[in-house]
Number of protein chains: 2
Amino acid sequence: MTDRLPPLTALRAFDAAARHMSFAKAAEELNVTPAALSFQIKSLEEHLGQPLFRRLNRAVELTEAGKTLAPGAAEGFETLTAAWRATRRLQDNTTLTVTAGPGLTAKWLAPRLYEFARAHPEIDLRFSATLRIMDFVRDEVDVAIRFGYGPDPGLYVLPVPPEWVTPVMSPELAERYTTPESLMEAPLIFDESIDFLDPPVDWPAWFRTQGIDFTPTHGSHFSQADHAIDAAVAGAGVALGRRGMAITDLHAGRLVAPFKTAIETKAHFRFLCAPGTETRPQIAAFRDWFIAEIDKTAYVSDEFEIIPVEDIPPP
Amino acid sequence: MTDRLPPLTALRAFDAAARHMSFAKAAEELNVTPAALSFQIKSLEEHLGQPLFRRLNRAVELTEAGKTLAPGAAEGFETLTAAWRATRRLQDNTTLTVTAGPGLTAKWLAPRLYEFARAHPEIDLRFSATLRIMDFVRDEVDVAIRFGYGPDPGLYVLPVPPEWVTPVMSPELAERYTTPESLMEAPLIFDESIDFLDPPVDWPAWFRTQGIDFTPTHGSHFSQADHAIDAAVAGAGVALGRRGMAITDLHAGRLVAPFKTAIETKAHFRFLCAPGTETRPQIAAFRDWFIAEIDKTAYVSDEFEIIPVEDIPPP
DNA sequence: GCTTCAGTTAAGGTATACTTATGTGAAGAT
DNA sequence: ATCTTCACATAAGTATACCTTAACTGAAGC
């Protein structure tokens, strides 16, 4: 069985050569002489039984065999490099890479992080605001904060109490719209970032909690929660604000939540990291800070009557 | 920058040890002595700066660092192995691996392949009936035959003329249902495997070609084209048969297509392989045979009035 | 308490991989 | 034309990484 791997140094030499399309540059990358690289490629070709490169006089080009091997070789070594880097990163207790959705980043994390940074000056914090699902090893991320239902198989999970939503608006608008009924006339803001919730947590659901059967048909739509909140702050209308997204602006007085009925979604934020890494100093510190910040504003929930979404009467 | 890869032999030793969770078995796999393997692991741990395994007395277990590295290492080496195997396979001109959907495999390829096997006894043919999208390198497949629209970026493509569909039924049923109108009373068979076509090629479309506005509401549904054809052969009803799927049974007299109106879909079969590989002897031979077989039955199309699907009047 | 098992350690040999130095053929410059 | 340069090939010598043999350790199991 010659299906086993050829000498790995030779394969790596080939990978570098194929990426640079030049033996000389590949040799430079690997810190060896061009002669050594030439030898490696030759030995690999002997293992294979056919050439991988066509030697033109001032350049090289890949043969069919080379074209077949090159992408896989590149991907393989990239995977190995990523895994190795991730492993090395475990010893690095001074950097912490966190990813969260753009909404939470803008409206919750960013306004609070200065405190974390002050409490832990030794930690070099990096941020990645994306909704993309993360592979902790491949993407070199330590912590992810995600909104949704879970479950999160194979991960360390620290759930936060479920989110609830309630109408929020600028203080000026609040003077005009004082009753649930009056909201039917108000300019409404739609946050499409929670459209994926099932059962839906939307304006018709909230109106039903008030005994009102009303399906608003127009208004401003935003794909990101923070933009919807920003629009409400700007006085553009009334938004169904998620607790985590609106809390900062509520505290600052830029938003008010005049109606004391909120809908509890079944979804919540989760603090996620690779299992075992929750004890690394910077991750533990971030987790503790995160929990403490959440707890700081927990009392707000007491002001509201929170109705689980499944208890809302159907239309 | 110590983010560069560590010695690859050491990494491979680690990979084997992590997969087997045993240095001894890993050494066996790599055809080295346990001592050598122990050394490799130790050197890797020195490179990393921390242990990868915890040595218990009769076993080893992965440390956090080991758990982080192991999956990536395994994936990386798997990728490299697959790429290397795919490259070696290029020299092998005696095996040919073909993948096609289950319908085409059952109703078109299988009944014809004995001829190809007889004409090319030197070729060892392997079959993989699946609809899954294939990666020619990773999945070790030489040729894929796929139904749909394309395009197929980065692949060698040999398109076959578009498919058309026409009602097919057993000879017994054909005595009873002699006019398009009578089909409205017939048990109809639905082939869901072409539901993805847009514009749709379905019973209502065919009825419209006959000037009939009729949307059948019940009948037997099959997710695979070959099952729909089999049901028609068995006399269970009338199917909208795709040319490629029905042709064998039409020739054998097990099915008849009494109405001479067919709908041409915009989709067609494509013969796909990795660019450059179309000249490999066994792939070229299979391609030539494939084209020749298609041509053999091309005259059948002359019997039908073939209406492009976009020319059918809307409902 | 002896045996076995799984991994470690040390010493020494061998094959692998690298370097230096020289060679080759074609493109581009003068 | 011829000269230079460039990119890779080849040869010979060397270093080092890798492997083997052989003896060691410490715990589990009969």
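Just the heavy atoms: all of them, side chains too, but no hydrogens, waters or symmetry mates, feed the values below. A, B, ... follow the sequence lines: proteins, then strands. Residue 1 opens every chain.
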Centroid-centroid distance, A/Phe77 to A/Trp84, less than 6.0 Å: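 No, ring centres 6.0 Å or more apart.
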For a 4.5 angstrom cut-off between non-hydrogen side-chain atoms, does B/Arg280 reach A/Glu64?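 SC-SC contact between B/Arg280 and A/Glu64 ruled out.
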Base, sugar-phosphate, or nothing for A/Ser43, non-hydrogen atoms under 4.0 angstrom? nothing
Rounded to whole Å, how long is the line connecting atom [atom1] of [X] with atom [atom2] of [N]?
| X | N | atom1 | atom2 | result |
| --- | --- | --- | --- | --- |
| A/Glu45 | D/dC8 | CD | C1' | 12 Å |
| B/His47 | D/dA17 | NE2 | C1' | 11 Å |
| A/Glu28 | C/dC18 | CD | P | 16 Å |
| A/Ile41 | D/dT10 | CD1 | P | 13 Å |
| A/Phe53 | D/dA7 | CZ | P | 15 Å |
| A/Leu44 | C/dT16 | CG | C1' | 15 Å |
| B/Phe14 | D/dC18 | CZ | P | 17 Å |
| A/Glu46 | D/dA9 | CD | C1' | 13 Å |

Classify the angle between the aromatic ring planes of [X] and [Y] as parallel (below 30°), tilted (30 to 60°) or perpendicular (above 60°).
| X | Y | value |
| --- | --- | --- |
| B/Phe269 | B/Phe147 | tilted |
| B/Phe116 | B/His120 | tilted |
| A/Phe53 | A/Phe23 | perpendicular |

Can you check whether A/Gln40 has a side-chain N or O nearer than 4.0 Å to OP1 or OP2 of C/dT16?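 So the side-chain polar atoms of A/Gln40 never come under 4.0 Å of the phosphate oxygens OP1 or OP2 of C/dT16.
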Please check the phosphate of C/dT19 (OP1 and OP2 only) for any side-chain N or O of A/Thr33 closer than 4.0 Å. yes
Can you name the residues that form a salt bridge (Lys or Arg N to Asp or Glu O under 4.0 Å) with B/Asp15, not counting sequence neighbours? B/Arg19
List, with names and distances, any nitrogen or oxygen atoms from the protein found under 3.5 Å away from nitrogen or oxygen atoms belonging to nucleotides 6-13 of chain C.
residue: C/dG7; atom: OP1; partner: B/Phe23; partner atom: N; Å: 3.0
residue: C/dG7; atom: OP2; partner: B/Phe23; partner atom: N; Å: 3.3
residue: C/dG7; atom: OP2; partner: B/Ala24; partner atom: N; Å: 2.9
residue: C/dT8; atom: OP1; partner: B/Arg55; partner atom: NE; Å: 2.4
residue: C/dT8; atom: OP1; partner: B/Arg55; partner atom: NH2; Å: 3.1
residue: C/dT8; atom: OP2; partner: B/Ser38; partner atom: OG; Å: 2.5

Would you check, one step at a time, whether the test salt bridge (Lys or Arg N to Asp or Glu O under 4.0 Å) holds for B/Arg89 with B/Asp142? CA-CA 9 Å; B/Arg89 213 154 40 78; B/Asp142 299 305; 2.7 Å; yes
